[in-house]
K.L.:
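For reference, the structure I am asking about is given below.
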Amino acid sequence: AQTVTQSQPEMSVQEAETVTLSCTYDTSENNYYLFWYKQPPSRQMILVIRQEAYKQQNATENRFSVNFQKAAKSFSLKISDSQLGDTAMYFCAFGFSLIYNQGGKLIFGQGTELSVKP
Amino acid sequence: EPEVTQTPSHQVTQMGQEVILRCVPISNHLYFYWYRQILGQKVEFLVSFYNNEISEKSEIFDDQFSVERPDGSNFTLKIRSTKLEDSAMYFCASSPGTSGSFEQFFGPGTRLTVL
C-alpha cells in the first residue's frame, strides 16, 4: 500500500525568505504522480505543483519548485521569496492508476502548517 | 476558467438524518471523486466514479454512503443515516482522464456538521 509522510507538522518563515517542506512516500509502483496542494483558511484545495515520476527534471511553477528524488522516494517543496499569502496548510499527495493516465485516488500526507511572518 | 462547484457550502443535520451533498464537476471531465477531511486531519479518499459506476472505494465508504450521477452534470454523495463522526469537510474532485493529465481539480468543499 502507498503511504505519504510529512514529518513537519508546523513551519514558519520570514517574508521574502526561502522555505522547504519535506515529503516522503512509499510505493512499489514505477509510474505515478506527486502533487503539492495548498489549503488556506478557506479550506479550498489549490494545486501548487505536480511532478510525473517518469520525468527526471524537477517541476517549477514561478516561486515554487520541487526536489524529486525517486530512488529516495522524497518529494520536497521549495518556496522562494515567501509571501504572506503563502500562509496555509500544505499537503503532499501521491497519485497512481492501474491504467496509465487514467483516474486513480490521491493519497495525502498529514500536512504541514506554514506561517509566513512579516 | 472552469471549476468544480459544490452545494451547500455548509450543512447542519441531526444524527440519523439523510444528507445529500451535491457537486458539479468540470464539464468535459470523466473521473469524479469524493474525499473527506475531519477537522485538523488529512484529506482521505472516499470513492471514485467513472462511466457511471464506482471504480474504487475506501473502507470508510460503507453501506451508509452512496454516489450517483443523476444527470449529465451533477455528482452526488448521499449519507443515509448520519453519525456524529461524519462531521467533516467533504470535497468533490474531477479529472480529465485523458492522456497526459492526472491532475484532480477540487471543489470548495461542503462542511457537514452532525449534531
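Letters A, B, ... are given to chains in the order of the sequence lines, protein chains preceding strands, and every chain is numbered from 1.
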K.L.:
For A/Q39, is it the side chain, the backbone, both or neither that has a heavy atom under 4.5 Å from a heavy atom of chain B?
P.N.:
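Side chain only.
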
K.L.:
Mind listing the closest non-hydrogen atom pair of B/Q6 and B/F91 along with its distance?
P.N.:
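Scanning both residues completely, I find the closest heavy atoms to be OE1-CA, 3.6 Å.
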
K.L.:
Let's go through A/E52 and A/R50 carefully: what are the C-alpha distance in whole Å and the side-chain angles of both, what is the deciding distance for salt bridge (charged side-chain N to carboxylate O under 4.0 Å, His left out) to 0.1 Å, and is it a yes or a no?
P.N.:
CA-CA 7 Å; A/E52 291 89 341; A/R50 58 176 274 171; 2.7 Å; yes

K.L.:
So, for B/S48 and B/Y33, which heavy atoms are closest and what is the spacing to 0.1 Å?
P.N.:
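Result for this residue pair: CB-CD2, 3.5 Å.
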
K.L.:
Return yes if some donor-acceptor pair links the side-chain N/O of B/T82 with the main-chain N/O of B/Q17 below 3.5 Å, else return no.
P.N.:
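The answer is yes, because a donor-acceptor pair under 3.5 Å joins these two groups.
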
K.L.:
Looking at chain B, which one of A/R43, A/M45, A/Q44, A/M89 has the largest number of heavy-atom pairs inside 4.5 Å, strictly under?
P.N.:
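Of the options given, most contacts go to A/R43.
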
K.L.:
Does the separation of the ring centres of A/F91 and A/Y37 fall below 6.0 angstrom?
P.N.:
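They do not qualify: ring centres at least 6.0 Å apart.
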
K.L.:
With only heavy atoms counted, which part of A/L47 is less than 4.5 Å from chain B, the side chain, the backbone, both or neither?
P.N.:
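For A/L47, the side chain is the part near chain B, not the backbone.
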
K.L.:
Of all the residues in residues 108-118 of chain A, which have a heavy atom that comes within less than 4.5 Å of a heavy atom in chain B?
P.N.:
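Answer by number: A/F108, A/G109, A/Q110.
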
K.L.:
Is a side-chain donor or acceptor of A/E61 paired with a backbone partner of A/S65 at a separation under 3.5 angstrom?
P.N.:
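Such a contact is absent between A/E61 side chain and A/S65 backbone.
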
K.L.:
Under 4.5 Å from any heavy atom of chain A, what part of B/Q37 do you find: side chain, backbone, both or neither?
P.N.:
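Both parts, heavy atoms under 4.5 Å.
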
K.L.:
Around atom CG of A/N62, are there more than 12 heavy atoms of other residues, nucleotides or ligands at under 6.0 Å?
P.N.:
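Counting neighbours around CG of A/N62, 12 or fewer heavy atoms of other residues, nucleotides or ligands fall under 6.0 Å, so no.
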
K.L.:
For the hydrophobic clusters of this structure (ILVMFWY residues joined by side-chain heavy atoms under 4.5 Å, transitively), does one cluster hold both B/M89 and B/L21?
P.N.:
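B/M89 and B/L21: separate clusters.
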
K.L.:
Give me the atom names and distance for the closest heavy-atom approach of A/N30 to A/A53.
P.N.:
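Result for this residue pair: O-CB, 3.8 Å.
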
K.L.:
Name the orientation class of the two ring planes belonging to B/Y35 and B/F45 (parallel below 30°, tilted from 30 to 60°, perpendicular beyond 60°).
P.N.:
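Geometry flag for B/F45 against B/Y35: perpendicular rings.
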
K.L.:
For chain A, which residues from residues 106-114 of chain B lie under 4.5 Å away (heavy-atom distances)?
P.N.:
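Near chain A, by residue number: B/F106, B/G107, B/P108, B/R111.
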
K.L.:
Would A/F75 and A/Y25 count as a close aromatic pair, with their ring centres under 6.0 Å?
P.N.:
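No, ring centres 6.0 Å or more apart.
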
K.L.:
Could you please state which residues from residues 15-24 of chain A sit under 4.5 angstrom from chain B, measuring non-hydrogen atom to non-hydrogen atom, sorted by number, or 'none'?
P.N.:
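Within residues 15-24 of chain A, no residue comes under 4.5 Å of chain B, counting heavy atoms only.
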
K.L.:
So which pairs with a foot in residues 45-69 of chain B pass salt bridge (charged side-chain N to carboxylate O under 4.0 Å, His left out), sequence neighbours left out?
P.N.:
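Found A/K105-B/E56.
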
K.L.:
Looking at every non-hydrogen atom in both residues, tell me the closest pair between B/S87 and B/I38 and how far apart they are.
P.N.:
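For B/S87 and B/I38, the tightest heavy-atom pair comes out as O-CG1, 4.1 Å.
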
K.L.:
Supply the atom-to-atom distance B/E103 CD to A/F35 CZ, rounded to the nearest 0.5 angstrom.
P.N.:
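So the CD of B/E103 and the CZ of A/F35 are separated by 6.5 Å.
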
K.L.:
Fit a plane to each ring of B/F49 and B/F75, take the angle between them on a 0 to 90° scale, and name the class: parallel (under 30°), tilted (30 to 60°) or perpendicular (over 60°).
P.N.:
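The rings of B/F49 and B/F75 sit tilted, inter-plane angle from 30° to 60°.
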
